2 protein chains.
Amino acid sequence: MTESIESYALDEQVGYLLRLANQRHASIFQLHTLDGLTPTQFAALIRIADLGKCSQNRLGRLAAMDVATIKGVVDRLRKKGFAVVEPDPGDKRRTLISLSPEGETMVARMKDVGQQITNATLKPLTAAEQRNLIRILRKIS
Amino acid sequence: MTESIESYALDEQVGYLLRLANQRHASIFQLHTLDGLTPTQFAALIRIADLGKCSQNRLGRLAAMDVATIKGVVDRLRKKGFAVVEPDPGDKRRTLISLSPEGETMVARMKDVGQQITNATLKPLTAAEQRNLIRILRKIS
DNA sequence: CTTTGATTATTATAGTACGAACAATTGAAT
DNA sequence: ATTCAATTGTTCGTACTATAATAATCAAAG
């Protein structure tokens, strides 16, 4: 055997497969979403709804977004009229983020859509595989 | 029950979990990689190595990258000295991409590293879970 | 041989993502 | 009260991702 460690099957590497799975989900999301909301924006919106008024950095941490990333996301949510930004009276460093009434409505409408998106993404899998995937992904996240 | 479909557990949605898993993999990749090669660049490099000389669009398709994406990736691989670009003599639309000698060396060195990255990413999982994850991801990709 | 339709590559625009650097502010320890 | 370390938010640079529009080329059908 002259070529001992020659093969490297890209199509079986987690990293590559995760990228493909993400692509699939993103395109399904885009198909169902409302008002052009992206997966990231939706995640942030849900977090604000759950947390209530909170600082931008804290929101980013709890939505798994970088400080630089969450800034852009909040900017876009504000521009779309779903998020409201105000200075924290008790801490001049902080910016408090909250949902606008339109944001509340959007969250309510998007929760159903989100479920549809999840279902569509998982459609190729059996019920057992779906549960398994979620469980395993939670374990490595 | 006034609030029937109120709950939406973001932390159990595939989309969100896939994003987190991707983040994890990306940071592990960055930790092990050589010459600042990104997961995307590595995937493209592996494909060129497997395919041999091929057109940019074809490479993009087989590496699951958009035409606009593959262009940028190839540009950066060329700038790093790993890829070589030449016009196709038989088809003036096409640009042929191939590996430079340095690219060949890099692929050889990175195959081992790639395996380490995969192992590190899957480390929190049992062997059975690892096989399962790969199998399920392939099914929805 | 010319029209038509497809393919290829490029560009622009927009969003996600992260590291690094920065200034302002805060809280705590001296 | 002042110094010091940590936190917060911003900005910059780089990279990945996709859509849409464009121009050049090709192949095939008439």
Side-chain angles (χ1 to χ4, degrees), chain A residues 15-16 18-31 33 35-45 54-80 82-83 85-97, chain B residues 15-16 18-31 33 35-45 54-80 82-83 85-97:
Chain A
Y16 186 69
L18 283 174
R19 198 174 120 252
L20 297 195
N22 244 327
Q23 281 178 350
R24 173 182 158 77
H25 173 262
S27 82
I28 292 175
F29 195 102
Q30 202 189 357
L31 222 62
T33 195
D35 260 321
L37 219 60
T38 67
T40 312
Q41 289 166 15
F42 179 48
L45 220 54
C54 70
S55 84
Q56 185 176 283
N57 269 19
R58 179 166 149 74
L59 173 61
R61 276 194 301 273
L62 296 175
M65 294 173 207
D66 194 78
V67 279
T69 303
I70 192 64
K71 190 211 179 334
V73 173
V74 167
D75 281 353
R76 276 166 229 123
L77 287 178
R78 201 171 50 74
K79 192 180 291 178
K80 289 186 176 183
F82 298 139
V85 169
E86 57 183 321
D88 185 334
D91 188 335
K92 286 177 192 163
R93 295 169 304 177
R94 290 200 171 106
T95 304
L96 295 179
I97 319 292
Chain B
Y16 186 69
L18 284 173
R19 196 174 122 252
L20 296 195
N22 243 330
Q23 281 179 348
R24 173 181 160 77
H25 173 263
S27 82
I28 293 175
F29 194 102
Q30 202 188 358
L31 222 63
T33 195
D35 260 322
L37 219 61
T38 66
T40 312
Q41 289 167 17
F42 179 49
L45 220 54
C54 69
S55 83
Q56 185 176 282
N57 268 21
R58 180 166 149 74
L59 174 60
R61 276 193 300 273
L62 295 175
M65 294 173 207
D66 195 79
V67 278
T69 303
I70 192 63
K71 192 213 179 330
V73 173
V74 166
D75 281 352
R76 287 181 280 274
L77 287 177
R78 200 172 50 74
K79 192 180 292 180
K80 289 187 176 181
F82 299 140
V85 169
E86 58 182 319
D88 186 334
D91 187 338
K92 287 177 191 163
R93 296 168 303 176
R94 291 199 170 104
T95 304
L96 295 178
I97 319 292

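First the proteins, then the strands, lettered A, B, ... as listed; each starts at 1. Because the structure is a prediction, the values reported are computed rather than measured.
- Both A:Lys92 and A:Ala64 lie close to DNA chain C; mapped to their nearest nucleotides by heavy-atom distance, the more 5′-ward contact belongs to A:Ala64.
- One interatomic measurement links the two molecules: CZ of A:Phe29 to C1' of C:dT16, which rounds to 13 Å at whole-angstrom precision.
- A:Asp66 places a side-chain N or O within 3.5 Å of a backbone atom of A:Ala68 that can act as its donor or acceptor partner.
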Query - Verdict with supporting geometry, B:Met65 and B:Thr40, side chain to side chain contact (heavy atoms under 4.5 Å, CB included) - result: CA-CA 9 Å; B:Met65 294 173 207; B:Thr40 312; 3.4 Å; yes
Dump the pairs, protein N or O against N or O of nucleotides 4-8 of chain C, anything under 3.5 Å, distances to one decimal.
from: C:dT7; atom 1: O2; to: B:Arg93; atom 2: NH1; distance (Å): 2.9
from: C:dT8; atom 1: OP1; to: B:Arg94; atom 2: NH2; distance (Å): 3.0
from: C:dT8; atom 1: OP2; to: B:Arg61; atom 2: NH1; distance (Å): 3.2

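- Across every non-hydrogen atom of A:Arg78 and A:Val85, the tightest pair is CD-CG2, 3.3 Å.
- Note: CG (A:Leu20) to P (D:dA18) measures 10 Å, nearest angstrom.
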Query raised in the report: Which is it for B:Thr33 and B:Thr38 under the side chain to side chain contact (heavy atoms under 4.5 Å, CB included) test, yes or no, and what are the steps along the way?
Result: CA-CA 8 Å; B:Thr33 195; B:Thr38 66; over 6 Å; no
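- Of the candidates B:Ile28, B:Leu20, B:Asn22, B:Ile28 is the only one forming a side chain to side chain contact (heavy atoms under 4.5 Å, CB included) with B:Arg24.
- Between A:Lys71 and D:dT10 there is a side-chain N or O to OP1 or OP2 distance below 4.0 Å.
- Rounded to an integer number of Å, the gap from A:Met65 CE to C:dG15 P is 14 Å.
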Taking only nitrogen or oxygen atoms into account, show me every contact under 3.5 Å that the protein makes with nucleotides 19-23 of chain C, one pair per line with its distance.
none

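- Both B:Gln23 and B:Leu96 sit near DNA chain C, but only B:Leu96 has its closest nucleotide nearer the 5' end.
- Remark: side-chain polar atoms of B:Arg19 are paired, donor with acceptor, to backbone N or O of A:Ala64 under 3.5 angstrom.
- The separation between A:Arg78 atom CZ and D:dT10 atom C1' is 14 Å, rounded to whole Å.
- One interatomic measurement links the two molecules: CD1 of B:Ile70 to C1' of C:dT10, which rounds to 14 Å at whole-angstrom precision.
- Remark: P of C:dG15 and CG of A:Leu37 are 11 Å apart, rounded to the nearest angstrom.
- In summary, B:Asp75 and B:Lys71 engage in a salt bridge, as defined by a charged side-chain N under 4.0 Å from a carboxylate O.
- Residues A:Leu96 and A:Ser55 come closest through the heavy atom pair CD2-N, 3.9 Å.
- Where A:Arg19 and A:Asp75 each meet DNA chain D at their nearest nucleotide, the meeting point lying more 5' is that of A:Asp75.
- We find that CD1 of B:Ile28 is positioned 17 Å from P of C:dA17, with the value rounded to whole Å.
- Whole-Å rounding puts the A:His25 NE2 to D:dA18 C1' distance at 16 Å.
- Contacts of B:Thr40 with the nucleic acid, taken as non-hydrogen atoms under 4.0 Å apart, involve only primed sugar atoms and P, OP1 or OP2.
- In terms of heavy-atom proximity, A:Leu37 sits nearest to A:Phe29 at O-CE2, 3.1 Å.
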